[in-house]
Amino acid sequence: MKPQRIDAHQHFWRYRPEDYPWIGRGMELLAQDRMPCELHPMLSAQGLDASIAVQARAGREETGFLLELARNDARIAGVVGWEDIASPQLAEHVGEWGRDKLLGFRHQVQDEHDVTVFMEQPAFNDGVAWLQDQRYVYDVLVYERQLPEVQAFCARHDRHWLVLDHLGKPALTEFGRGEVAYARWKRELEALAALPHVACKLSGLVTEADWMRGLRQKDYENIALCLDTALDAFGPQRLMFGSDWPVCLLAASYAKVAAVVRDWAATRLSAAEQEQLWGGTAARCYGLDAQ
């Protein structure tokens, strides 16, 4: 049977300003409901079968909302939700959701004032260790400048997959100012890639460029450079495609985001490796191939 082709990173929401304070000025395109009925035709147009819905705000109600959508929609392969991972009631709270379509968890670590302090909390680390023992994936969301602060955390939690979102958010707006920004990101990405239990999502890059002025040819060249670097670091077996829809719409259409990765992959990867990129890696890491 042909493996599913999966968009491994996208979001759904019913928009309320108080729930999504990160949707600010210039991001009005996101300030509306974004639901499966809108995404699914775009998946089909790109030959994709399903997606993984990832939390976009902190709060247990977010997890419940996404799971309700997923359990009523075969095209949502699973959910990366939110929990207070440092809570002493973590096992009880996670157990309330059941295993059906709950694949893992994420926290917006990128927004923490001190990433090191946050990720060194004993209770948080105990929680992540428990999640890994239960075969839940933890998605790592940080900016490039924060990558050094998560190295020890990622090395410590090696019992199950960790997935780096958006290639660690390279500072593409700085790439045109010399080699420093690229070299710094490359060094930190390679350090994480040296950990065999860390996988990487090829996602979110269009909005790390200067999307407010509009993407230019040089931006797409920088994105291709990042994809090449990720391939060299992780190898084809630990990379997965993610659209970051609807956030990507600030910079590019769903079709454009998919085309950038598809055109790149067609010149870099074998047919079997492309199957991994377009679903195999996501299925393996998130346990979809065991369902």
Could you go through R34 and L249, starting from their C-alpha distance and side-chain angles, then the distance that decides it, and tell me whether this counts as side-chain contact (heavy atoms from CB on, under 4.5 Å)? CA-CA 11 Å; R34 296 292 185 174; L249 300 179; 3.9 Å; yes

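- Taking the centre and axis of the six-membered ring of F234, the NZ or CZ atom of R238 falls outside the cone set by 45° and 6.0 Å.
- Residues A230 and L189 come closest through the heavy atom pair CA-CD2, 4.0 Å.
- Listed by first and then second residue, the ring-ring contact (aromatic ring centres under 6.0 Å, His included) pairs involving residues 189-220 amount to none (not counting sequence neighbours).
- Residues A251 and T207 share a closest heavy-atom pair of CB-CG2, 4.1 Å.
- Side chain of W185 to main chain of L167: a donor-acceptor pair is present (N/O by atom type, distance under 3.5 Å, no hydrogens or angles).
- With respect to the salt-bridge test (charged N to carboxylate O, under 4.0 angstrom), the residues K169 and E144 do not qualify.
- Inter-residue side-chain proximity for V140 and V198 is flagged as unmet; no heavy-atom pair is nearer than 4.5 Å.
- The backbone N or O of Q237 lies less than 3.5 Å from no partner atom in the side chain of Q276, so there is not a single donor-acceptor pair.
- In this structure the side chain of L103 reaches within 4.5 angstrom of the side chain of L288, judged on heavy atoms.
- When side chains are defined from C-beta on, H157 counts as touching F153, because their heavy atoms get closer than 4.5 Å.
- In this structure, F118 has its ring center closer than 6.0 angstrom to the ring center of H107.
- Under the side-chain contact (heavy atoms from CB on, under 4.5 Å) test applied with Y138, the options V163, V80, I85 reduce to a single match, I85.
- A distance below 6.0 Å separates the ring centres of W13 and W22.
- If you run ring-ring contact (aromatic ring centres under 6.0 Å, His included) between F105 and each of Y136, W130, F124, W97, only Y136 comes through.
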Test side-chain contact (heavy atoms from CB on, under 4.5 Å) on I223 and V260; report intermediate values, then the result. CA-CA 9 Å; I223 288 171; V260 166; 4.0 Å; yes

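- Using a 4.0 Å cut-off between charged nitrogen and carboxylate oxygen, R75 and D49 do not count as a salt-bridge pair.
- Under the 4.5 Å side-chain heavy-atom criterion for ILVMFWY residues, a single connected hydrophobic cluster contains both L192 and L227.
- The heavy-atom pair separating P236 from E273 by the smallest distance is CG-OE2, 3.5 Å.
- Taking the side chain as every heavy atom from C-beta outward, Q134 and R99 approach each other to under 4.5 Å.
- Side-chain contact between Q10 and L39 is present, with heavy atoms from C-beta onward closer than 4.5 Å.
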CA sep, side-chain torsions, deciding dist, call: L90, D84, side-chain contact (heavy atoms from CB on, under 4.5 Å): CA-CA 7 Å; L90 177 64; D84 178 1; over 6 Å; no

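- Evaluation of the salt bridge (charged side-chain N to carboxylate O under 4.0 Å, His left out) rule for R213 yields D210, D219 as partners, not counting sequence neighbours.
- Nearest heavy-atom pair, L205 versus L172, reported as atom, atom and distance to 0.1 Å: O-CD1, 3.4 Å.
- At most 12 non-hydrogen atoms from other residues, nucleotides or ligands lie less than 6.0 angstrom from CD of E68.
- Side-chain atoms of Q110 never come within 3.5 Å of backbone atoms of L141 as a donor-acceptor pair (strictly under, hydrogens ignored).
- Put simply, the side chain of N125 gets close to the backbone of M119: a donor and an acceptor are under 3.5 Å apart.
- Of the possible donor and acceptor atoms, none in the side chain of Q4 sits under 3.5 Å from a partner among the backbone N and O of I6.
- A 6.0 Å sphere centred on CZ of R268 holds more than 12 heavy atoms belonging to other residues, nucleotides or ligands.
- Contact annotation: the side chain of Y254 approaches that of L43 to within less than 4.5 Å [non-hydrogen atoms, C-beta and beyond].
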Residue pair Y286, D139: steps toward the side-chain hydrogen bond (donor to acceptor under 3.5 Å, both in side chains) verdict: CA-CA 10 Å; Y286 287 103; D139 270 35; 2.7 Å; yes

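- Stacking of R14 on the aromatic ring of Y20 is not recorded, the 6.0 Å distance cut-off and the 45° axial limit not both being met.
- Not one N or O on the side chain of T281 forms a donor-acceptor pair closer than 3.5 Å with the backbone of M240.
- Side-chain atoms of S44 come within 3.5 Å of backbone atoms of H40 as a donor-acceptor pair (strictly under, hydrogens ignored).
- At distances below 3.5 Å, not a single donor-acceptor pair connects side-chain atoms of E221 with backbone N or O atoms of K218.
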Atom pairs and distances, side-chain donor-acceptor, residues 174-182, under 3.5 Å, sequence neighbours left out:
from, atom 1, to, atom 2, distance (Å)
E174, OE1, R184, NH2, 3.3
Y182, OH, T229, OG1, 2.8

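- Q146 places a side-chain N or O within 3.5 Å of a backbone atom of Y143 that can act as its donor or acceptor partner.
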Assess whether side-chain contact (heavy atoms from CB on, under 4.5 Å) is satisfied between W245 and H11, documenting all intermediate values. CA-CA 6 Å; W245 182 89; H11 310 284; over 6 Å; no

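- A donor and an acceptor atom, one from each side chain of S243 and D7, are located under 3.5 Å apart.
- Panel note: side chain E83, backbone R60; no donor-acceptor pair is recorded below 3.5 Å.
- We find that E149 and R145 are not joined by a salt bridge, their nearest charged nitrogen and carboxylate oxygen being 4.0 Å or further apart.
- Counting only heavy atoms from C-beta outward, the side chains of V142 and L147 approach each other to under 4.5 Å.
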